[in-house]
Amino acid sequence: MLDDFMTRAALAGIGTGLAAAPLGCFVVWRRMAYFGDATAHAAILGVALSLALSLPVVAGALVVALVMATVVTLISGRGYAMDTLLGVMAHSALAFGLVGVTFIDGVRIDLMAYLFGDILAVSRADLAVIWGGAVLVLGLIGWRWSALLTATLNADLARAAGIDPRREQLVLTLALAVVVAMAIKVVGVLLITALLIIPAATVRPFATTPERMGVLAAIVGMASAWIGLRASFALDTPTGPTIVCVAAVLFSLSTVPSTLRPSS
């Protein structure tokens, strides 16, 4: 069954959506969209280092994304506004990564595949990485769910309950780095943030509890990947951007009830 490239692509998209969307709920609640974007941009530098050192691309992307997110977490609030710090580090890492790959001899590099994804080229090994990362991320979120929610709601309340908000931030940082590394093959570093944010934003008006929002976001993320894959195959369009387009359409549809509701 896994010899069919469409089957591998579908499983890769579903696995990525399953991991990214619930994590995206915390990104939305904490207003960390730019944080996720910065981590994703830094992954290109990890790709360049991996190719230069003949290491697996996922390993380099994971390490650099994790270092980037951790550094930002540790030095935030020390003289620079968060958006300024993220902007400087994100675009610097992206630029160094793009320049760095030009110095690598003997390796043919398809930058478009890393920037926008190449889900149709997913291998069995890539599938193992994607689903292994999905299990790790879901396990982290499930393990720390209550503590993460409390720290997200109010840092002082978390401290009163014996929860270290900074530790929970580092847990999210680790999960975010894993998602970025595993999603490179599917949607690319420039579109990962969309897969994190859009499903969560889509289901937010319909979620009565945080748990319900996480489950619904996962369903929307997986559906976006599946529908986007089928649509790109039928329309002969780039798969990664098509998946994001489907997610955006679903988000637009989710806003219709609120726009039709009469104002009081």
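Computed from heavy atoms alone, side chains included, the values below leave out hydrogens, waters and symmetry copies. This one's a predicted model, so the numbers in the text were calculated from it and none came from an experiment. The residues of the chain are indexed from 1 along the displayed sequence.
For Thr202, there are no side chain to side chain donor-acceptor pair (under 3.5 Å) partners, not counting sequence neighbours. For Trp145, the ring-ring contact (aromatic ring centres under 6.0 Å, His included) criterion is met by Phe26, not counting sequence neighbours. Residues passing the side-chain contact (heavy atoms from CB on, under 4.5 Å) test with Thr209, sequence neighbours excluded: Glu211, Arg212. With sequence neighbours left out, Leu191 forms a side-chain contact (heavy atoms from CB on, under 4.5 Å) with Phe116, Val187, Pro241, Val244. Remark: Ala207 engages Met213 in a side-chain contact (heavy atoms from CB on, under 4.5 Å) (not counting sequence neighbours). Val246 meets the side-chain contact (heavy atoms from CB on, under 4.5 Å) test with Ser224, Ile227, Leu250; sequence neighbours excluded.
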Under 3.5 Å, sequence neighbours excluded: what are the donor-acceptor pairs made by side chains of residues 90-98?
| unit_1 | atom_1 | unit_2 | atom_2 | d |
| --- | --- | --- | --- | --- |
| Ser92 | OG | Val88 | O | 2.5 |

Can you list, pair by pair, the side-chain donor-acceptor contacts under 3.5 Å of residues 154-163, counting residues two or more places apart and other chains?
| unit_1 | atom_1 | unit_2 | atom_2 | d |
| --- | --- | --- | --- | --- |
| Asn154 | OD1 | Asp156 | N | 2.8 |
| Asn154 | OD1 | Leu157 | N | 2.9 |
| Asp156 | OD1 | Arg159 | NH1 | 3.1 |

N/O donor to acceptor pairs below 3.5 angstrom from side-chain atoms of residues 43-53, sequence neighbours left out:
| unit_1 | atom_1 | unit_2 | atom_2 | d |
| --- | --- | --- | --- | --- |
| Ser50 | OG | Gly46 | O | 2.9 |
| Ser50 | OG | Pro56 | O | 3.3 |
| Ser50 | OG | Gly60 | N | 3.1 |

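Put simply, CG on Leu195 and CD1 on Ile243 are 7.0 Å apart, with the number rounded to the nearest 0.5 Å. The distance from the CG atom of Leu196 to the SG atom of Cys25 is 10.0 Å, given to the nearest 0.5 Å. Atom-to-atom distance recorded for Asp118:CG and Ile184:CD1 is 12.5 Å, nearest 0.5 angstrom. To the nearest 0.5 Å, atom CG of residue Leu153 and atom CG of residue Leu148 are 12.5 Å apart. For the atom pair CG (Leu140) and CG (Leu172), the distance works out to 9.5 Å, reported to the nearest 0.5 Å.
Side-chain contact check for Thr242 and Ser232: no donor-acceptor pair (N or O, by modelled atom type) lies under 3.5 Å.
Linking ILVMFWY residues whenever their side-chain heavy atoms come closer than 4.5 Å, directly or via other members, places Ile14 and Met6 in the same cluster. Residue Val64 is not grouped with residue Val180 when hydrophobic side chains (ILVMFWY) are merged at heavy-atom distances under 4.5 angstrom, including chains of intermediate members. Val135 and Leu176 fall into different hydrophobic clusters, where Ile, Leu, Val, Met, Phe, Trp and Tyr side chains are chained together by heavy-atom contacts under 4.5 Å.
For residues 141-155, the salt bridge (charged side-chain N to carboxylate O under 4.0 Å, His left out) pairs, not counting sequence neighbours, are Arg144-Glu168. Sequence neighbours left out, not one pair with a member in residues 52-61 passes salt bridge (charged side-chain N to carboxylate O under 4.0 Å, His left out). Counting only residues at least two apart or in different chains, side chain to side chain donor-acceptor pair (under 3.5 Å) contacts with residues 21-33 comprise Arg30-Thr152, Arg30-Gln169.
Residues Met182 and Ala19 approach most closely at CE-CB, 3.9 Å, considering heavy atoms. When every heavy atom of Gly214 is checked against every heavy atom of Pro22, the shortest pair comes out as O-CG, 3.9 Å. Between Asp126 and Ala121 the shortest heavy-atom distance is OD2-O, 4.0 Å. Taking both residues in full, the closest heavy atoms of Ala217 and Ala21 are given as O-CB, 2.9 Å, listed atom of the first, atom of the second, then distance. Shown here for Val186 and Gly13, the closest heavy-atom pair between the two residues is CG1-CA, 4.2 Å. For Ser252 against Thr255, the heavy-atom pair with the smallest separation is O-OG1, 2.6 Å.
The closest donor-acceptor contact from the side chain of Trp131 to the backbone of Leu11 lies under 3.5 Å.
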Steps toward side chain to side chain contact (heavy atoms under 4.5 Å, CB included) verdict (Thr16, Ile119): CA-CA 11 Å; Thr16 302; Ile119 190 173; over 6 Å; no
Check against side chain to side chain contact (heavy atoms under 4.5 Å, CB included), Arg230 and Trp226: CA-CA 6 Å; Arg230 305 303 300 183; Trp226 171 254; 3.9 Å; yes
Test side chain to side chain contact (heavy atoms under 4.5 Å, CB included) applied to Arg204 and Val28, step by step: CA-CA 9 Å; Arg204 193 170 191 175; Val28 170; 3.1 Å; yes
